[in-house]
Amino acid sequence: EHDAIEIWEALRATLLELRDVIALGLRARAGTGALSDGFRAVFEQADIGMALVDPASGRLLTVNDQLCATLGRTHAELLDVGWSDLTPEDVASVHAFLAPILTGVARTLTRELRYRRHDGEIRWGRLRVTCLDVPAPPRLLGMLEDITAPRAALEALRASEERLATMFALAPIGIAEGDVVARRMTRVNPQLCAITGYTAEELCALSVVDQLTHPDDRAELETAMRRLLTGELRSHRGERRYVHKDGHTVWVSVTLCLSRDPAGQLTRTLAIIEDISERRARDATLQVYTSALLAAANAIMITDPQGTIMACNPAMTTLTGYSAAELIGSHPRLFRSGRQSDDFYRALWATVLGGEVWHGELVNRRKDGGLYTEDMTITPVRDDAGAVTHLVAIKQDATARGEIERALRASEARYRTLVDNLEDVVFTLDAALQLTFVNRAVESFGYAPAELLGQPVELLMPRPVATLGLCRS
């Protein structure tokens, strides 16, 4: 827009000189309204549409080729019309526009208006009308420049600037323009004010490095700015802390770039600032969870709903003998031992894909072919819509526990056999002095062992307190 103004000012000066030349030519042919041969050449060769107009009738007296080209009409057609015929869309405003000249109040006026070409096309032009200083009858010099394309470009530029201004104001991230030398912001958007707690005026009065940036991050920012200023970097992106107006720390992601003029001189900085405090907090929490996952003694495996393994911890590789690289991308069927039926697995998958937790034991096969028993819990993870997105399996090697349980059951069986074959009555009691076990020797008292379970000991010993010193808890 600035360049267009400069071009128009230069053209305006040229047109003023041309007007004076034509006026001199008219004075040389006073009263005729015609141009001398020398001045006609200047008139005809002008690269802008021109016409001599009779102010009384508004008729065109003389036109040049450029005006014919602009309006799409011949010389003869133009000499048969007036300005009002060429500007039907703005005829009322044209009459009002010419009034100051026709009444002698002004000698030169300029305005933009719509004009109609011979083919019916409506275009935009810049009309400049000058009252020539010539003897009677008076004459007007009209100059019409087609500005349809530059006007459209200017309108597009203005629309673009409006869109950018709207985006600047409504952007969900902070945006700031800054002064390179003063190291201060010169323009900020509302979101940056919300991030920092300052008003726009307060932000523009602060030093970005010395006041807004956290003391521990200032050196890093200074280094980045120095590399930008020397041209070592074209842009810079980093995470740092700002000090909020109320004193608390705000983590932000800042993207910096510099703007230069055509001569290469720095003009301003542009910063895009995003509040990442919540993300940093989530990352910290996630790091804790990740550390716990990696350090967990239990094997942990995460899959998608189709069963593809997405992650596992070191305990999982120890349990199965497979490396993490071998496990990730594979399917848990890799561990099948053949000890569980297809119906078992169908029920398992139906449970977890239905959003329910599954828990149980199964026998799997390690990479080396050895079998092991694992205790496994599979927990579905749902999204906001309730759909299952991941499955988290927590596994524990239950092989040793199973062996211990089997040994314990075998030992208990031997104990029962031994006690049941004793001639003396042997029994056990709970805290309420109720029988929990009685061997077969009680049959000598006329009881079956099963009928005494849960009964008070008084059935066998009428005075247990006196006999054994027992009391109920």
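Remember, it's a predicted structure, so these values are computed and weren't measured experimentally. As a basis for the values below, the full set of heavy atoms in this structure was taken, side chains included, without hydrogen atoms, waters or symmetry mates.
A distance-only check finds no donor-acceptor pair linking the side chain of Asn189 to the backbone of Gly174 [under 3.5 Å]. Thr249 places no side-chain N or O within 3.5 Å of a backbone atom of Val243 that could act as its donor or acceptor partner. For Arg365 (side chain) and Ser337 (main-chain N/O), a donor-acceptor pair under 3.5 Å exists by modelled atom type. Counting only distance, with no hydrogens or angles, the side chain of Asp275 and the backbone of Val252 share no donor-acceptor pair below 3.5 Å. Of the possible polar contacts, one joining the Asn313 side chain to the Leu293 backbone as a donor-acceptor pair under 3.5 Å is found. Checking side-chain atoms of His390 against main-chain N and O of Met310 turns up no donor-acceptor pair under 3.5 Å. Between the Arg268 side chain and the Asp179 main chain, no donor and acceptor come within less than 3.5 Å of each other. Using modelled atom types, no side-chain atom of Ser160 and backbone atom of Ala156 make a donor-acceptor pair closer than 3.5 Å. Side chain of Gln211 to main chain of Ser207: a donor-acceptor pair is present (N/O by atom type, distance under 3.5 Å, no hydrogens or angles). Using a distance-only test at 3.5 Å, with no hydrogens or angles considered, no donor-acceptor pair links the side chain of Arg73 to the main chain of Cys68.
Between Thr269 and Glu177 the shortest side-chain heavy-atom distance does not fall below 4.5 Å. A 4.5 Å side-chain heavy-atom check between Thr223 and Glu220 finds every atom pair outside the cut-off. No side-chain heavy atom of Thr317 sits less than 4.5 Å from a side-chain heavy atom of Glu326. Leu203 is listed as a side-chain neighbour of Leu192, based on a closest heavy-atom distance under 4.5 Å. Side-chain contact check for Val388 versus Val352: every heavy-atom pair is 4.5 Å or farther apart. Side-chain contact check for Thr196 versus Lys245: every heavy-atom pair is 4.5 Å or farther apart. The side-chain heavy atoms of Ile175 and Gln191, taken from C-beta on, include no pair separated by under 4.5 Å. By the 4.5 Å heavy-atom criterion applied to side chains, Ile302 and Leu391 are not counted as neighbours.
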Test side-chain contact (heavy atoms from CB on, under 4.5 Å) on Val208 and Leu206; report intermediate values, then the result.
CA-CA 6 Å; Val208 176; Leu206 293 177; over 6 Å; no
I'd like to know whether Thr320 forms a side-chain contact (heavy atoms from CB on, under 4.5 Å) with Leu327, so could you lay out the CA-CA distance, the side-chain angles of the two residues, the decisive distance to 0.1 Å, and finally the verdict.
CA-CA 9 Å; Thr320 64; Leu327 290 175; 4.0 Å; yes
Walk me through whether Ile101 and Val129 qualify under side-chain contact (heavy atoms from CB on, under 4.5 Å).
CA-CA 8 Å; Ile101 290 182; Val129 179; 3.7 Å; yes
Stepwise side-chain contact (heavy atoms from CB on, under 4.5 Å) check, Arg183 with Asp210
CA-CA 9 Å; Arg183 302 201 299 184; Asp210 301 324; 3.9 Å; yes
Stepwise salt bridge (Lys or Arg N to Asp or Glu O under 4.0 Å) test for Arg151 and Glu112:
CA-CA 10 Å; Arg151 182 185 175 90; Glu112 294 181 0; 2.5 Å; yes
Give the intermediate values and the outcome of side chain to side chain donor-acceptor pair (under 3.5 Å) for residues Asn64 and His75.
CA-CA 8 Å; Asn64 68 352; His75 282 257; over 6 Å; no
Checking Glu374 against Asn364 for the side chain to side chain donor-acceptor pair (under 3.5 Å) test, could you report, in this order, the C-alpha distance in whole Å, the side-chain angles of both residues, the deciding distance, and whether it holds?
CA-CA 7 Å; Glu374 69 175 29; Asn364 276 339; 3.1 Å; yes
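Of all heavy-atom pairs spanning Tyr198 and Cys193, the tightest one is O-CB, 3.1 Å. Contact between Asp54 and Ser57 at its shortest, heavy atoms only, is OD2-OG, 3.1 Å. Heavy-atom minimum distance, Phe168 versus Pro190: O-CD, 4.3 Å. Considering every non-hydrogen atom in both Trp251 and Ser277, the closest pair reads N-OG, 3.1 Å. In terms of heavy atoms, Arg366 sits closest to Leu319 at NE-O, 3.0 Å. Heavy-atom minimum distance, Thr213 versus Arg218: O-NE, 3.0 Å.
Atom NE2 of His359 has more than 12 neighbouring heavy atoms from other residues, nucleotides or ligands inside a 6.0 Å radius. In the displayed structure, Arg237 atom CZ is contacted under 6.0 Å by at most 12 heavy atoms of other residues, nucleotides or ligands. When the shell of 6.0 Å around CZ of Arg339 is examined, it contains 12 or fewer heavy atoms from other residues, nucleotides or ligands.
A distance of 11.0 Å separates CE in Met316 from CD1 in Ile328, rounded to the nearest 0.5 Å. Note: Arg282 CZ to Arg280 CZ = 12.0 Å, rounded to the nearest 0.5 Å. The CZ atom of Arg117 lies 5.0 Å from the CG atom of Asp119; values are rounded to the nearest 0.5 Å. Of the inter-residue distances, the one linking Leu52 atom CG with Leu132 atom CG reads 6.5 Å to the nearest 0.5 angstrom. Rounded to the nearest 0.5 Å, atoms CE (Met50) and CZ (Arg128) are 10.5 Å apart. Between the CG atom of Leu98 and the CG atom of Leu140 there is a distance of 7.0 Å, given to the nearest 0.5 Å.
Between Arg158 and Glu155 there is a salt bridge, since a side-chain N of the basic residue sits under 4.0 Å from a carboxylate O of the acidic one. Salt bridge Arg123/Asp146: present, at least one basic N to carboxylate O contact under 4.0 Å. With salt bridges taken as basic N to acidic carboxylate O contacts below 4.0 Å, none links Glu121 and Arg116. Note on Arg279 versus Glu239: salt bridge recorded, some NZ/NE/NH1/NH2 to OD/OE distance being below 4.0 Å. Ion pair Lys395/Glu361 not flagged as a salt bridge, since none of the NZ, NE, NH1 or NH2 atoms sits closer than 4.0 Å to an Asp/Glu carboxylate oxygen. In this structure, Arg226 does not pair ionically with Glu232, as no charged nitrogen and carboxylate oxygen lie closer than 4.0 Å.
No hydrogens or angles considered: a donor-acceptor pair under 3.5 Å links the side chains of Asp397 and Thr399.
The only option from Leu229, Leu270, Thr267 that meets the side chain to side chain contact (heavy atoms under 4.5 Å, CB included) definition with Leu258 turns out to be Leu229.
By the 6.0 Å and 45° rule, Arg336 stacks over the aromatic ring of Tyr345.
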